[in-house]
Amino acid sequence: MNTTELAKGIYSVGAVDWDVRDFHGYSTYKGTTYNAFLIIDEKVTLFDTVKRSHQDELIRNISAIIDPEKIDYIVVNHVELDHSGALPNMVELIKPEKIICSIMGKKALIDHFHKEDWPFEVVKTGTEISLGKRTIQFIETRMLHWPDSMFSFVKEDGILFSSDAFGQHYATSERFDDEVDLSEVMKESAKYYANILYLYAPLIRKLLKNVAEMNLGIKMIAPDHGIIWRSHIDKILGAYDDWSQNKAGNRALIIYDSMWHSTEKMAHAIAAGVERSGLRTKLINLKVHHRSDVMTDILFANTIILGCSTLNNGLLPRMAGFLMYMRGLKPANKYGASFGSFGWSGEAVKLMNGALEDMKINVIEEGLRLKYVPDSAHLDECIEMGQRIGKRVLEGE
Ligand code: FEO
């Protein structure tokens, strides 16, 4: 990444990771960026660092603007290692006068790097620090994404450094939202929300309300991943508003895994039934779809129909792993149902319905279990099930 001037004396100095394809279990087909920002003022300040593997790029970028040793303050908006991995080496190089972070940030930094003698300065929501010509206002954003997370707002320039919020795993040579394909950025923003922030919807609603009430006059939102929002701020704020209300459309996802194609046949017949009811549907075979893409689909669908064969009195491992992942992300406000083929014990449907109920998903069918290989009468039963589900969903249950 080259440096980019966001406003006079405010630079993007982070790194592009073109190659990363797995981000703790989230598929990042388009790579990512680790954004860091530098303000040149009486107190030269660096906001966040980068993943340790990319620290040379960060140092090179800073050096193109100023000698890194001239940095006075380092602000840590978020301690996760994709933003703080380079911090120990940067602290050694810079010897900052202050490391500014939230109270939870200080605790997490000590737990990560075990340097109690770093020059921490703890800030909280409302704290302001003058850099000379500019003032930084801090807003704690606990759990968005970690307990330590916070925003830093440059008051005079209207720039919000938003850490993980509003980000995307999206590697580009461009830096701004109006320089890239917006539909692609929104798709990656939705995937980021669905896989990182979905479970924090109530906190996001509160944060959006608080930030609106603060009337900050935001001119630019600069997250720690992906492009910077300057022309489409309303679009990303509006999307977060929608997503955090769990406003999914009338659409059924049939998410399945199959041992010997019997559950697969059921899935296709159920999909035909749903389609006949007039409800839009999508078939998702877990053998070929990554769990993090499935979560993005779940963000936009109000009906989840799960299918799985029974294996050793349980679920096939792909479905078991997917349900564990999905449960952690707490999708809300959905209808659900389950189906599957079995040989002799047939626990899979009960287990899937139980998982849906644990997620507080409204299970609207008892569940359909068929022995071994479905015949044409069985497939008619599947079609009828799909039609029943579609009708109930379209009628709003
Ligand atoms: Fe980009 Fe929560 O780290």
Side-chain angles (χ1 to χ4, degrees), residues 1 14-36 48-55 57-58 76-89 101-102 104-105 107-114 141-150 162-172 185 187-201 203-204 223-227 240 243-244 255 284 286-299 317-331 355 359:
M1 186 191 284
V16 181
D17 189 342
W18 296 96
D19 297 334
V20 66
R21 290 294 178 270
D22 179 279
F23 194 93
H24 56 54
Y26 167 157
S27 62
T28 50
Y29 309 121
K30 297 202 163 91
T32 194
T33 70
Y34 313 113
N35 297 341
D48 290 318
T49 66
V50 296
K51 198 169 166 183
R52 190 186 172 104
S53 53
H54 287 68
Q55 67 186 7
E57 195 173 340
L58 173 68
V76 178
N77 279 326
H78 183 21
V79 179
E80 193 165 6
L81 287 162
D82 47 332
H83 310 294
S84 74
L87 187 64
N89 287 340
C101 56
S102 65
M104 299 306 283
K107 288 179 184 165
L109 285 169
I110 290 171
D111 286 341
H112 275 72
F113 304 117
H114 312 288
T141 59
R142 282 192 188 196
M143 298 318 299
L144 302 173
H145 164 222
W146 276 11
D148 52 86
S149 298
M150 65 177 191
S162 65
S163 186
D164 278 341
F166 314 117
Q168 334 88 49
H169 286 311
Y170 189 50
T172 53
V185 175
K187 212 165 111 191
E188 292 304 324
S189 298
K191 182 169 180 177
Y192 192 92
Y193 180 93
N195 285 276
I196 304 278
L197 299 171
Y198 209 155
L199 65 163
Y200 302 120
L203 294 176
I204 289 170
D224 273 356
H225 296 291
I227 57 87
Y240 267 59
W243 299 335
S244 60
I255 303 166
I284 299 177
L286 288 175
K287 282 190 180 72
V288 295
H289 290 271
H290 193 274
R291 60 182 165 266
S292 52
D293 294 317
V294 183
M295 282 314 303
T296 316
D297 281 322
I298 286 176
L299 181 63
R318 272 189 206 89
M319 178 59 76
F322 173 71
L323 287 178
M324 178 171 283
Y325 187 68
M326 179 180 169
R327 189 184 311 211
L329 289 162
K330 297 189 171 72
M359 288 184 254

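The structure presented is a predicted model; accordingly, all values stated were derived computationally and were not measured.
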Under the side-chain contact (heavy atoms from CB on, under 4.5 Å) criterion, do L323 and M359 qualify, and how do the steps go? CA-CA 10 Å; L323 287 178; M359 288 184 254; 4.1 Å; yes
Partners passing side-chain hydrogen bond (donor to acceptor under 3.5 Å, both in side chains) against [X] (at least two apart in sequence or in another chain):
X	answer
K187	none
D48	none
H145	E80, D164
T172	none

Is the side chain of [X] donor-acceptor paired with the backbone N or O of [Y] at a distance under 3.5 Å, no angle test?
X	Y	answer
N35	G226	yes
N195	S292	yes
R52	N89	no

First locate atom [atom1] of [X], then atom [atom2] of [Y], and finally report the distance between them rounded to the nearest 0.5 Å.
X	Y	atom1	atom2	result
R21	K30	CZ	NZ	9.5 Å
S189	W243	OG	CH2	5.5 Å
M104	R142	CE	CZ	5.5 Å
Y192	T32	OH	OG1	7.5 Å

Can you say whether the rings of [X] and [Y] are parallel (under 30°), tilted (30 to 60°) or perpendicular (over 60°)?
X	Y	value
F23	H225	perpendicular
H83	H78	tilted
Y29	H290	perpendicular
Y198	Y193	tilted

Heavy-atom side-chain proximity of [X] to [Y] below 4.5 angstrom:
X	Y	result
L87	L109	yes
S163	M150	no
I255	H289	no

What closest approach, in Å, do [X] and [Y] show between heavy atoms, and which atom pair accounts for it?
X	Y	answer
G14	E57	O-OE2, 4.2 Å
R318	K287	NH1-CG, 3.5 Å
S244	I204	CB-CG2, 3.8 Å
L329	A194	CD1-O, 3.5 Å
S84	T49	CA-OG1, 3.5 Å
A171	W18	O-CZ3, 3.5 Å

Restricting to ring pair (Phe, Tyr, Trp, His ring centres under 6.0 Å), what partner residues turn up for F322, sequence neighbours left out? none
How would you list all residue pairs meeting salt bridge (Lys or Arg N to Asp or Glu O under 4.0 Å) that involve residues 189-200, not counting sequence neighbours? K191-D293
With H54 as reference, evaluate D17, D82, T33 under the side chain to side chain contact (heavy atoms under 4.5 Å, CB included) test and give the passing residue. D17
side-chain contact (heavy atoms from CB on, under 4.5 Å) between L197 and Y240, worked out: CA-CA 10 Å; L197 299 171; Y240 267 59; 3.5 Å; yes
